[in-house]
**Q** 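Take a look at the following structure, please.
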2 protein chains.
Amino acid sequence: MNETLIPKPDYEAALREAGVRITRPRRVILGILSDAGDHPDAMEIFRRAVEIDASISLSTVYRTMKLLEGIGAIHRHAFEGGPSRFEPAAGDHHDHLIDIETGDVIEFQSDRIEELQHEIARELGYEIVHHRLELYGRRKRKR
Amino acid sequence: MNETLIPKPDYEAALREAGVRITRPRRVILGILSDAGDHPDAMEIFRRAVEIDASISLSTVYRTMKLLEGIGAIHRHAFEGGPSRFEPAAGDHHDHLIDIETGDVIEFQSDRIEELQHEIARELGYEIVHHRLELYGRRKRKR
DNA sequence: ATGCAATTGCAAATCACTTGCAACTGAAGA
DNA sequence: TCTTCAGTTGCAAGTGATTTGCAATTGCAT
């Protein structure tokens, strides 16, 4: 859709900065993440990885996702009733609308909602560390 | 805090209406849910249940939660990084603020946010079936 | 090129549930 | 009240997603 508009995140630099090795399996997984336009889960990433290097293991995919999440390079989303799905952390903050029929994920953003959230938290005596806003919906058939 | 203000849901009537038996284990679990002021998970409900009737099994707790969720008597919340937690469906809609230090759950409600959500979904060509809004925060120390 | 701690693949383990099955029990009817 | 029997239960085994132990491998700083 608009892949060309999104700058590919430089994962290798992030790894180097985190002081971890840039290994072959990591390079493969990172490549997949860089040009994933969707929100794949670990198994899907594994499937794509095996196409490139058959020796990669699912554990390594999980370990790499955890590592990348740890250094803040990707975000993990545990949408309802399914495995975690991942996306590059690059780009600005957004929330998700999940098509309950297809599993498609649509990103959206609302400053107004963000504001309201902080306002609510503040009133309750809390400061938000992070939040989760997911809309589960069904495509309206145009009439 | 305000247990006395919340009407205890009549679970037994709900079960009867759903045409299922009111058994001893169910009565015990229902009793626990009725006066749970918190948002316990299955294991916690099981622990409380065993106090009352040592023969209750964890499977029955899970089966009962699924049953109650199915008839709409309770809501299931899968907060980040933990097992599902439950709460009576009685009372009006609200979202949750989770204290990331203690796990405490605070309920809040914002008509404005609800409105905005529908507006956003509509603009994207979707109708919301349900949604999930969770704020994860830390208590502000009063100064 | 060498050394070795970081990393990997594989298998086994864990966590939160779910399910198969034989025994048990509400509750509708005799 | 007593029967009857499909709905329920406890227990153990099974799942799906993810994590972990460990021995073998491999980046990468000498």
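Values below: every heavy atom of this structure, side chains too, minus hydrogens, waters and symmetry copies. Proteins come first, then strands; the chains are lettered A, B, ... in the order of their sequence lines, and each starts at number 1.
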**Q** Any side-chain N or O of B:Arg21 below 4.0 angstrom from OP1/OP2 of D:dT9?
**A** no
**Q** Quick check: A:His131 with A:His93 (ring centres under 6.0 Å apart)?
**A** yes
**Q** Taking side chain as C-beta onward, heavy atoms only, is B:Glu51 less than 4.5 Å from B:Arg47?
**A** no
**Q** If we only count heavy atoms from C-beta on, is the A:Glu69 to A:His75 side-chain gap below 4.5 Å?
**A**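 Answer no - side chains too far apart.
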**Q** State, to the nearest 10°, the angle formed by the axis through the first five base pairs of the helix from C:dA1-D:dT30 to C:dA30-D:dT1 and the axis through its last five.
**A** 30°
**Q** With the 4.5 Å side-chain cut-off for hydrophobic clustering, are A:Ile98 and B:Ile120 part of the same group?
**A**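 Hydrophobic grouping puts A:Ile98 apart from B:Ile120.
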**Q** Provide, to the nearest angstrom, the distance between the CZ atom belonging to A:Arg26 and the C1' atom belonging to C:dG9.
**A**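 To the nearest whole Å, that distance equals 14 Å.
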**Q** B:Ile56 CD1 to D:dT8 C1': how many Å, rounded?
**A** 13 Å
**Q** In whole angstrom, give the distance that lies between atom CZ of A:Arg27 and atom C1' of D:dT26.
**A**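 Rounded to the whole Å, the gap is 13 Å.
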**Q** To check you understand the geometry: which heavy-atom pair defines the closest contact between A:Asp95 and A:Glu114, and what is its length?
**A**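 Reported closest heavy-atom pair: OD2-OE2, 3.3 Å.
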**Q** State which of D:dT8, D:dT18, C:dT8 makes the closest approach to the side chain of A:Ala42.
**A**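 Selected nucleotide (nearest to the side chain): D:dT18.
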**Q** Take the protein atom CG of A:Leu67 and the nucleotide atom P of D:dT18, then report the distance between them rounded to whole Å.
**A** 17 Å
**Q** When you compare the side chain of A:Ile71 with that of A:Val20, does any pair of heavy atoms fall below 4.5 Å?
**A**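 Sidechains of A:Ile71 and A:Val20: no contact.
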**Q** How close or far is atom C1' of C:dA16 from atom CZ of B:Phe86, stated in whole angstroms?
**A** 10 Å
**Q** Could you tell me if the side chain of A:Ile74 sits less than 4.5 Å from the side chain of A:Tyr11, heavy atoms only?
**A** yes
**Q** Without decimals, in angstroms, what is the distance between A:Arg85 CZ and D:dA17 P?
**A** 13 Å
**Q** Return yes if a side-chain donor-acceptor contact under 3.5 Å exists between A:His130 and B:Glu80, otherwise no.
**A** yes
**Q** If you restrict it to nitrogen or oxygen atoms, what contacts under 3.5 Å exist between nucleotides 20-25 of chain D and the protein, and what is each distance?
**A**
{"from": "D:dG21", "atom 1": "O6", "to": "A:Arg63", "atom 2": "NH1", "distance (Å)": "3.4"}

**Q** Assuming nearest nucleotide by heavy-atom distance, tell me which of B:Val20 and B:Gly82 is located more 5' along DNA chain C.
**A** B:Gly82
**Q** May I have the distance from B:Glu80 (atom CD) to C:dA16 (atom C1'), rounded to whole angstrom?
**A**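 So the two atoms are 17 Å apart, to the nearest Å.
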**Q** Counting side-chain heavy atoms from CB outward, which of C:dG9, C:dC17, D:dG10 is closest to B:Ser55?
**A** D:dG10
**Q** Can you find a side chain N or O atom of A:Arg24 that sits less than 4.0 Å from OP1 or OP2 on D:dG27?
**A** no
**Q** Going by heavy atoms in the side chains, are B:Leu68 and B:Leu15 under 4.5 Å from each other?
**A** yes
**Q** Determine the contact category for B:Leu58: base if any of its heavy atoms lies under 4.0 Å from a base atom, sugar-phosphate if only primed atoms, P, OP1 or OP2 are that close, otherwise nothing.
**A** nothing
**Q** Grab the CG-P distance between B:Leu15 and D:dG7 for me, whole Å please.
**A**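 Atom CG in B:Leu15 sits about 15 Å away from atom P in D:dG7.
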**Q** OP1 or OP2 of D:dT18 versus the side-chain N and O atoms of A:Ser84: is any pair under 4.0 Å?
**A**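 Yes, because at least one side-chain N or O of A:Ser84 sits under 4.0 Å from OP1 or OP2 of D:dT18.
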**Q** Taking 4.0 angstrom as the limit, do B:Glu134 and A:Arg132 come out as a salt bridge?
**A**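 Between A:Arg132 and B:Glu134 there is a salt bridge, with a charged N closer than 4.0 Å to a carboxylate O.
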